[in-house]
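The basis for the numbers below is simple: all heavy atoms, side chains too, and nothing from hydrogens, waters or symmetry mates. Remember, it's 1-based here, ligands and their atoms both numbered in the order they're listed. Numbers here are sequence positions counted from 1. Keep in mind it's a predicted model, so treat the numbers as computed, not measured.
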Amino acid sequence: MDRHAKTLATVALASLLAIACGARPASEPHALDAPAAVPPDGPVTFTRHVAPIVFEHCAPCHRPGGSGPFTLLSYDDVARRARQIAEVTTSRFMPPWLPETGFGEFVGERRLTETQIATLAAWVESDAAEGDAANLPEPPAATDGWALGEPDLTVTLPAPYTLPADGPDVFRNLVMPLPVDETRWVQTVELRPGNPRFVHHAIMAVDDTTSSRRREEEETEQPGEPGFSGMEMGLAFMPDGHLMGWTPGMAPNPGIDGLAWRLDPGTDFVLQLHMLPSGRAETIAPVAGFHFADTPPSGPPLYLIRLDADHLLDIPPGDPAFVVEDAVELPIDVEIHAVYPHAHYLAKSMEGRAILPDGTERWLIRIDDWDFNWQDVYRMREPYLLPAGTTLSMRFTYDNSADNPRNPSDPPRRVRAGNRSSDEMAHLQLQVRPRRAADLVLLRESLYRHAIRRNPANPWSYYELGNALLEQDRLDEAASQYLAGLGADPTHVPSRTSLGAVRERQGRIDEAAAEFRTVVELDPGYADGHYNLGSVHLARGRLEDAARHLRETVALEPDHAAAHTNLGHALRELGRLDEAATHHREALRLRPGSAEAHNNLGSVLAVGGLLDEAIDQFQRALRIDPGHAQARQNLELAREIAAELERAGLR
Ligand code: HEC
């Protein structure tokens with residue numbers, strides 16, 4: 001079932017990762033409001049009053065190598081732009097930060113207080129004096145190093161990527177093999193995107209198949225350039241429940257203790273960069289620093305809840321306030337860790353709310369002036385409990401009028417959901433952690449029931465609901481969901497595969513075989529399709545058919561350990577012992593620590609009369625798993641036979 005789950009994760013990810021590209025709209029004019037707070041008494045000077053604000057709140061980006069278009073590190077730097085600085089801080093255009101104050105508290109908030117804003121304005125009004133050099137605070141240290149300390153593993157591209165001088169925004173997926181030779185647990189990844197002036201945001205994903213490498217090889221648009229283009233990342237996905245993004249000036253994410261994610265050997269790191277051509281060709285050389293945890297995750301895992309109103313998006317041209325909403329009730333207690341709102345250029349305001357069972361309302365996030373270019377993942381400063389019975393809701397408003405300076409279409413046109421920058425999206429993702437791991441399946445069940453109500457035409461929702469029911473051993477209900485998925489799309493291979501698996505568990509073997517046969521007809525290149533059909537034939541004693549489909553499986557996927565095992569069983573039953581041993585040896589090569597694989601090989605060797613070698617395999621099995629009853633029984637039997645043969649003088 002793992003593989004089907006992966007396919008789905010990929011699909012869910014494709015929408016998670018669907019981010020538009022397009023021209024950057026001009027920033028809006030900034031009105032200079034009257035300062036609301038009182039600046040300090042007496043003369044306001046750079047060294048005493050302004051530098052502390054600018055060094056802390058502006059220099060993280062306005063420094064060499066930062067994302068800002070100029071440095072703000074000296075009196076001259078700041079005095080030269082004094083009036084503009086007063087304007088952009090008063091309008092709250094700088095520092096860039098979308099969430100409204102008082103509607104959720106997040107890590108790394110970039111906000112000036114009213115007093116700080118008033119201080120900057122008063123300084124500009126009073127001739128922007130420098131003041132006594134003795135008062136100047138230490139300028140911020142150069143931050144070329146890693147914010148989270150030296151990583152355990154750094155990866156980079158063999159050669160940098162060259163961003164073209166002009167043209168539209170670029171979405172590039174860069175593939176970097178991860179040199180780990182044993183399973184590791186990743187606490188967090190710190191990204192240095194290489195050139196933050198031109199990288200607007202980044203998404204980090206992993207691919208444990210070869211699909212990303214293959215796409216890179218196939219990409220011929222820009223031969224020799226690393227990576228492949230586009231927003232769609234194929235089989236690369238973020239580790240379950242994790243949100244791995246990068247934006248300029250974001251607070252480094254130390255990860256959550258006890259919730260590291262699993263990294264297996266052979267996995268590629270896939271980095272999607274959204275870049276803005278600058279008029280000159282630019283060299284982009286990202287470096288990713290991996291921090292490993294000592295221990296695997298423990299306790300309940302993270303999970304992403306997605307509120308989604310894409311299906312309601314049909315925004316008439318000229319409409320200045322088109323509203324969409326979605327809401328879902330939590331069936332279990334969860335702790336909320338982060339929110340990730342997503343839309344394209346037309347979105348104006350975004351509201352995320354929780355109504356607790358006692359009726360109190362709690363804001364998850366509120367953004368009154370959304371700007372695609374400053375999108376971010378917002379992590380809660382303190383994760384908090386949302387009890388079962390809480391209603392989570394989103395309400396997004398879109399401005400499709402000609403007065404919206406960010407409107408990518410001129411004149412405005414009808415807009416629906418989609419992946420292009422001129423399409424729209426309406427997602428609010430919530431990163432949560434169930435209080436009890438066993439509850440997660442109930443949350444999934446309820447979210448997919450909701451997804452089906454939202455869009456009854458999507459076979460994936462029935463499939464996922466079926467999986468959640470199957471995990472609860474509700475076989476009949478699961479089967480009816482898979483059937484409903486096939487009602488929506490009769491060619492939906494995952495639903496048909498899972499229906500076959502349920503039929504097998506229900507003992508309805510012939511029906512299972514019929515479903516698996518249809519799968520193989522629908523997708524003859526699907527290795528697991530042949531594996532399922534071969535295995536069910538094996539269970540029915542149809543050995544030749546079993547061997548045929550299992551051979552097909554290992555031809556399509558030579559490292560399919562389970563197929564080698566079952567093929568070994570089928571060949572043994574057919575009396576083809578040498579071939580059987582070969583496939584059990586393959587299975588063993590692929591799963592060197594498996595007691596089962598040693599026992600399987602031993603059994604074939606014993607049947608073939610190779611008693612010493614068989615005994616050796618049973619002993620190995622028992623060293624790995626001393627409680628392996630079958631291996632113990634087999635060992636005793638093999639020893640008895642050996643002794644008997646010896647007594648008879650046959651050994
Ligand atoms: C998170 C990074 C970041 C921080 C923090 C930041 N800036 Fe900026 N700033 C930028 C970027 C990037 C631009 C380029 C314009 C854009 O992309 O919107 C910019 C542009 C500007 C501009 C030019 C605006 C225009 O309309 O052309 C000014 C002035 C400015 N910043 C001042 C400040 C001041 C003052 C602070 C601190 C109070 C600050 N910035 C904090 C990233 C930052």
Is there a donor-acceptor contact under 3.5 Å from the side chain of Asp376 to the main chain of Thr247? no

Going by the 4.0 angstrom heavy-atom rule, the piece of Val54 near ligand 1 is neither

To which of Cys58, Cys61, Pro69 does the heavy atom nearest atom 11 (C) of ligand 1 belong? Pro69

Number the atoms of ligand 1 from 1 as they appear, then name those within less than 4.0 Å of a heavy atom of Pro248, with their elements. 1 (C)

N/O separation below 3.5 Å, His62 to ligand 1: yes

Between Arg81 and ligand 1, which residue portion shows a heavy-atom distance shorter than 4.0 Å: side chain, backbone, both, or neither? neither

Decide whether a cation-pi geometry holds between Arg92 and Trp97; the criteria are a distance under 6.0 Å from NZ or CZ to the six-membered ring centre and an angle within 45° of the ring axis. no

With a 6.0 Å cut-off (strictly less than), is the heavy-atom count around CD of Glu361, excluding the residue itself, greater than 12? yes

Arg215 vs Glu232, test: salt bridge (Lys or Arg N to Asp or Glu O under 4.0 Å). Steps then yes/no. CA-CA 11 Å; Arg215 282 186 60 183; Glu232 198 273 307; 3.3 Å; yes

Hey, which atoms in ligand 1 end up nearer than 4.0 Å to a heavy atom of Pro95? 5 (C), 38 (C), 41 (C)

Would you verify whether the NZ or CZ of Arg184 falls within 45 degrees of the ring axis of Phe292 while also being under 6.0 Å from that six-membered ring's centre? yes

Pro96 and ligand 1 - part of the residue with a heavy-atom distance under 4.0 Å: side chain

NZ or CZ of Arg81 within 45° of Phe70 ring axis and under 6.0 Å: yes

Between Glu282 and Arg197, does the salt bridge (Lys or Arg N to Asp or Glu O under 4.0 Å) criterion hold? Intermediate values first, please. CA-CA 10 Å; Glu282 303 286 350; Arg197 284 283 285 114; over 6 Å; no

Which part of Phe55 is near ligand 1, with near meaning a heavy atom under 4.0 Å away: side chain, backbone, both or neither? neither

I'd like to check which ligand 1 atoms, numbered from 1 as shown, lie under 4.0 Å from a non-hydrogen atom of His57. 5 (C), 37 (C), 41 (C)

